[in-house]
Every structure is written in C-alpha cells, then in structure tokens.
Amino acid sequence: MPELPEVETVRQTLKQLVLGKTINDVTIHWGNIIKQPAEPESFKRVMIDQTLHDIDRMGKFLIFQFDDVHMVSHLRMEGKFAVHPSEEPMKKHTHVIFHFTDGTELRYNDVRKFGTMHAFPKGEERKNKPLTLLGPDPFDPSFTLPYFYEKVKRTTRSIKAVLLDQSVVAGLGNIYVDETLFRAGVHPERRGKELAEAQVEAIRIAAIETINEAIQQGGTTIRTYVNSQGQIGMFQQKLYVYGKENEACQQCGTLIEKMKHGGRGTHYCRTCQH
DNA sequence: AGAATCACCTGTGAGC
DNA sequence: TGCTCACAGGTGATTC
C-alpha cells in the first residue's frame, strides 16, 4: 500500500482518534508482524500501561510515542490502523489489537501480513534499524541538490532504482517514482552517472512537488488504500503515468507504456522522457 | 556495488 | 463456471 503521502495521511487521521489513550492489553494473532522485542509476549509486556502522546513519521514509517516506549511501524503493502469500540465485530485479517482503558481499540489489519512493528525504549528508535537505514524525507532541508547529485552521479544503477532506495531519499515508492520521473522528463532506465546536474535538480524538485501535492490530496488510492478514518485518497486523479498504460500522454498524446524494470511495473512516456 | 531471485502473504482479475 | 497464472502503493536476505 502506502508511500510517504499515504503514511502521512494515516498519521494525521489516526492522531485525532487515539492521542491520550492508555493501553491495558494487547492481542497478537499473527506474531510475525512483531519484530522487536522478538517475542510477541515481551512486546505485549512493554506496551501495557503505556499512554500515547504523539505519532511521528520518518519516510514510510510511523512512530508511536508512548511514555517510555516508541513503537515503529511499517504498513508495507496493505497495512491499516483504525480505531473501533471493543464490541464492534472484528474484520478479517486483523492481526494486532491494542486495547485501551476507555473501551476502544487500535486495530492493525493487513491482508498480506507484511507489515512490521518494533518497540524500542524511548529515544532508542532512531539509533536502530530500521530507522537508521533511512535518508531524508524529500521535503527535508537536508535533501539538497549537492547531497542528491553526489549520490546519483557516481552510480551505474538506474535512476528509478536510486529513487526507490530509501537510504537515498525516504518515502518514494513505485507510484511516486514513476510520477516524479515523468514530471522531470527523465526515462526510468537512465543510469545515474549519465544524468546532468540540471536533470538531477529537475528530479529533486519533481519529487518534492509530487509528494507535497499527494499529501494535500490525502494520498493515492489505486486498490485498497484508505486512511485511518476509512477515507480514500484523491491523488489518483492527478497521476500522469502510473496505471495509465495505453492511455494518451497528457503532454504529447503518445500512448503511455508499461514495462518491467527491476521487478516492478514501470510506467513512462517514450516521447516526454529521455 | 549492484542485479537478480526468492521470501514473506492473500486476493483479484485476466485468460483459457 | 472454474482453473491457473501474473500481479499488487515494500523490503530484506541470499547468491552470483
């Protein structure tokens, strides 16, 4: 499911529903989601009696800030957090339930069971994997042209692979990489070292603008994404290439193509992107 | 260093 | 209608 704009929308919608609540029990139906502590029972133990004070985000990770524990969670393809009264029937594929003292529950639902949760002592989360593997968010002041150009110019990898690499810039996934490269007029298979500085700057600006606009629209819903209040995103109306194969390019009329690159479906306009 | 492949899972839609 | 296969907003391990 979600890339940075969807995770940010989940963060914003979820915050309104759960801040200030205190956990009095945790139910874990699929233990593989819990990565730290390794034992689900230990995870459960450290979470009980914790009160939630804030929800932060880095790249595609949510960071739930409790009294003494910071829980880092990745939704991977289809993970969803929602809040329900405890008496409400459980949906299929609900794998982790945080029970609150007020009779409501934070439920984690994930058809594909790919999502992850790591609990760390407060303040330790940024010193450990997975967060140490992340580069800056696109709109972070440290995502500068000198930083980005340095990374791009000395690699033989494709620019698409570079943009998907979360250690270079965090938060872009398959949709926003394809959209960013269309906006910048760069072909996804171009090697990093082949790109001129001006093109790298065009990509950087396009990434920042695409991500910012998508956040404004509440993310992109292609298949299953909804935010924590059950609403779909609207950015799919602003897509130029993702999912548009065999449709006319909005800039030149050429049919948008879809190919396989690095194992991912890749959408582009052969006329507008070089 | 980086590419390719598999692994983790389930559901859906296309093609036969 | 029913089967099989490819594919899906992601990432991590392994192998070459």
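Naming convention: chains lettered A, B, ... in sequence-line order (proteins, then strands); numbering from 1 in each chain.
The stretch residues 109-118 of chain A touches DNA chain B through A/V111, A/R112, A/K113, A/F114, each having a heavy atom under 4.0 angstrom from the strand.
A nucleotide of DNA chain B counts as in contact with chain A when one of its atoms lies under 4.0 Å from a heavy atom; the first and last such, 5' to 3', are B/dG2 to B/dG11.
Of the candidates C/dA13, C/dT11, C/dC7, C/dA13 carries the atom nearest the A/K129 side chain, counting heavy atoms from C-beta on.
Remark: the separation of the P atoms in C/dA6 and B/dT5 is 14 Å, to the nearest Å. Comparing C/dT4 with B/dC9, their P atoms are spaced 22 Å from each other, to the whole Å. Comparing the C1' positions of C/dC7 and B/dC6 gives a spacing of 16 Å, expressed to the nearest Å.
As rounded to whole Å, 11 Å separates atom C1' of C/dA8 from atom NE2 of A/H267. The CG-C1' distance, from A/L133 to C/dT11, rounds to 10 Å in whole Å. Atoms CD (A/E245) and C1' (C/dA8) sit 12 Å apart, rounded to a whole Å.
Using cut-offs of 30° and 60° on the angle between ring planes, the pair A/F143 and A/Y147 is perpendicular. The aromatic rings of A/F182 and A/Y240 lie parallel to each other, with less than 30° between the two planes, well short of the 60° mark.
A sub-4.0 Å separation between OP1 or OP2 of C/dC7 and a side-chain N or O of A/K258 is absent. Side-chain N/O atoms of A/K35 include none lying less than 4.0 angstrom from OP1 or OP2 on C/dG12.
For A/F64 and A/F98, the ring centers sit 6.0 Å or farther from each other.
Each of A/R157 and A/R223 lies near DNA chain B, and the nucleotide nearest A/R157 is the one positioned closer to the 5' end.
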Could you give me the CA-CA distance, side-chain angles and deciding distance for A/D178 and A/K160, then say whether salt bridge (Lys or Arg N to Asp or Glu O under 4.0 Å) is met?
CA-CA 8 Å; A/D178 285 1; A/K160 174 153 183 172; 2.9 Å; yes
Residues A/E179, A/R183; criterion salt bridge (Lys or Arg N to Asp or Glu O under 4.0 Å); working and verdict
CA-CA 6 Å; A/E179 292 299 309; A/R183 289 184 181 210; 5.2 Å; no
Check the pair A/D165 / A/K151 against salt bridge (Lys or Arg N to Asp or Glu O under 4.0 Å), numbers first and verdict last.
CA-CA 11 Å; A/D165 183 342; A/K151 297 274 188 188; over 6 Å; no
Between A/Q12 and A/Q16, does the side chain to side chain donor-acceptor pair (under 3.5 Å) criterion hold? Intermediate values first, please.
CA-CA 7 Å; A/Q12 291 172 13; A/Q16 299 177 40; over 6 Å; no
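Closest approach of A/K92 to A/N109, counting heavy atoms only: O-ND2, 2.8 Å.
Within the shown strands, nothing qualifies as a pairing partner of B/dC9 under the Watson-Crick or G-U definition with both distances less than 3.5 Å.
The pair A/K15-A/D54 counts as a salt bridge, with a side-chain nitrogen and a carboxylate oxygen less than 4.0 angstrom apart.
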